[in-house]
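Order of listing sets the numbers, starting from 1, for every ligand and every atom in it.
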Amino acid sequence: MELKGDEFRRQWISYSTPGLCQSAAMLPPAGHLLSLLLVIGTGGTVPSPRLSPQGCYVAEEAGERTFRCSQAGLRAVPTGIPNDTRKLYLDANRLASVPAGAFQHLPVLEELDLSHNVLAHVSGAAFQGLAGTLRHLDLSANQLASVPVEAFAGLQIQVNLSANPWRCDCALQEVLRRVRLAPGTETGIVCGPGARSDLVGQEFLPLVEEEELCGTGRGGARHSTDVALLVTMGGWLVLVVAYLAQYVWENRDGTRRPLKRAPVPPVHSEDSSTLSTVV
Ligand SMILES: *[C@@H]1O[C@H](CO)[C@@H](O)[C@H](O)[C@H]1NC(C)=O
Ligand SMILES: *[C@@H]1O[C@H](CO)[C@@H](O)[C@H](O)[C@H]1NC(C)=O
């Protein structure tokens with residue numbers, strides 16, 4: 001039993017990165033022992049082709065091909081994820097960003113767990129190639145202040161955005177117009193220190209019911225259209241005023257001329273009368 005355990009540990013270490021060694025050492029002893037017993041219980045040998053170089057493993061969960069890399073000390077999305085993976089667990093690692101096309105070689109991926117990392121940046125093309133398949137995305141418990149709305153273009157997904165230091169701006173409002181929130185996670189979207197000072201610590205959803213964040217402030221997509229509208233209306237106003245001024249000026253000229261002419265007829269009549277008297 002001990003020999004097998006040692007053997008397992010040696011194999012485990014040989015397949016794992018230094019980061020994994022650290023995280024495995026940090027695991028509670030009970031959990032470690034349990035995973036050890038589980039592996040030994042299922043035949044005693046570690047199926048080496050199924051253990052990826054980064055300390056991840058393939059499993060069948062509810063009939064779905066699953067790839068688990070939880071708590072593996074990863075700093076990047078691992079390579080060599082089987083292309084028939086439907087559920088991918090990359091939670092509790094050290095991932096800081098999700099680059100463009102990070103999962104595009106996984107054509108049947110339905111569920112993606114990126115929670116409990118240190119994600120601060122998600123590319124606008126991070127989930128490119130997953131439009132037809134991805135259903136659940138967990139981005140909770142990271143360092144996200146914002147996520148580009150383009151990242152969710154074409155996706156029909158349910159997301160968990162809880163426990164991030166959200167900037168609570170127009171960008172987040174637009175994201176929430178695009179995605180559905182996982183049930184029960186609505187209250188978990190709280191504004192972080194990067195948000196407008198009066199919003200820090202506030203829940204986001206009740207806030208956007210009261211205030212349209214895309215109408216004002218920096219980064220507001222509608223801000224520029226507002227300015228364009230204002231300029232156009234200003235232009236029209238100038239045109240209308242100029243036209244009116246010209247109209248009034250011409251009319252003034254027009255009313256002056258008859259006024260000047262008005263005294264003429266009496267003169268004429270006088271003339272004619274004088275003429276008639278003369279005649
Ligand atoms: C995975 O890749 C193999 C070989 O490259 C290919 O034959 C297979 O159809 C792919 N599976 C999926 C689900 O795309
Ligand atoms: C959402 O994320 C939070 C924080 O990680 C977690 O506690 C919660 O269970 C998650 N909810 C769902 C529905 O996934």
Side-chain angles (χ1 to χ4, degrees), residues 23 26-28 31 49-53 56-74 77-98 101-122 126-147 151-152 154-168 172 175-176 178-193 195 201-208:
S23 73
M26 287 189 294
L27 277 176
R50 305 204 119 203
L51 196 65
S52 96
C56 308
Y57 64 92
V58 174
E60 203 78 29
E61 289 178 14
E64 306 245 288
R65 187 56 62 91
T66 304
F67 199 69
R68 281 194 176 267
C69 296
S70 309
Q71 274 190 299
L74 298 176
V77 175
T79 52
I81 303 172
N83 69 349
D84 59 350
T85 299
R86 289 185 184 272
K87 296 183 183 180
L88 176 57
Y89 292 86
L90 296 174
D91 57 302
N93 285 292
R94 308 282 308 154
L95 303 179
S97 68
V98 185
F103 310 101
Q104 63 186 356
H105 57 293
L106 302 174
V108 294
L109 191 64
E110 290 169 4
E111 210 172 309
L112 177 57
D113 189 349
L114 291 166
S115 69
H116 296 91
N117 279 282
V118 289
L119 291 179
H121 177 254
V122 172
F127 311 116
Q128 177 183 296
L130 304 179
T133 59
L134 194 66
R135 294 281 171 268
H136 297 274
L137 173 64
D138 197 339
L139 289 172
S140 70
N142 278 291
Q143 296 300 320
L144 294 168
S146 77
V147 171
F152 303 104
L155 296 178
Q156 298 279 311
I157 49 168
Q158 205 167 71
V159 291
N160 188 347
L161 300 175
S162 300
N164 280 285
W166 294 110
R167 199 180 298 129
C168 290
L172 183 59
V175 165
L176 292 183
R178 194 68 68 83
V179 299
R180 275 174 302 128
L181 291 177
T185 65
E186 296 84 358
T187 56
I189 304 176
V190 177
C191 309
Q202 304 265 351
E203 260 181 49
F204 186 65
L205 287 189
L207 205 131
V208 282

Per-atom contacts of ligand 2 with Pro183, taking only distances under 4.0 Å to non-hydrogen atoms: 13 (C)
Where ligand 2 meets Ser140 - atom numbers and elements under 4.0 angstrom, heavy-atom basis: 2 (O), 3 (C), 4 (C), 5 (O)
Over 12 foreign heavy atoms within 6.0 Å of CD, Glu64: yes
Gap between atom CG of Leu88 and atom CZ of Phe103 - 0.5 Å precision: 6.0 Å
Heavy atoms of other groups near Arg135 CZ, more than 12 under 6.0 Å: yes
From Arg86 atom CZ to Glu61 atom CD, the distance as rounded to the nearest 0.5 Å: 14.0 Å
Those atoms of ligand 2 less than 4.0 Å from some heavy atom in Asn160: 1 (C), 2 (O), 3 (C), 8 (C), 10 (C), 11 (N), 12 (C), 14 (O)
N or O contact, Ser162 vs ligand 2, cut-off under 3.5 Å: no
N/O to N/O under 3.5 Å, ligand 1 against protein:
| unit_1 | atom_1 | unit_2 | atom_2 | d |
| --- | --- | --- | --- | --- |
| ligand 1 | 2 (O) | Asn83 | ND2 | 2.3 |
| ligand 1 | 11 (N) | Asn83 | ND2 | 3.0 |

Test of proximity, Ser115 against ligand 2: N or O pairs below 3.5 Å: no
Close side-chain approach of Leu205 and Leu181, heavy atoms under 4.5 Å: yes
Any side-chain heavy-atom pair of Val122 and Asn142 under 4.5 Å: no
Distance-only side-chain donor-acceptor flag, Ser115 / Asp91, under 3.5 Å: no
Under 4.0 Å to a heavy atom of Thr185 - the qualifying atoms of ligand 2, by number: 1 (C), 11 (N), 12 (C), 13 (C)
Sub-4.5 Å side-chain heavy-atom contact between Val58 and Pro82: yes
Gap between atom OG of Ser162 and atom CD of Glu186 - 0.5 Å precision: 8.5 Å
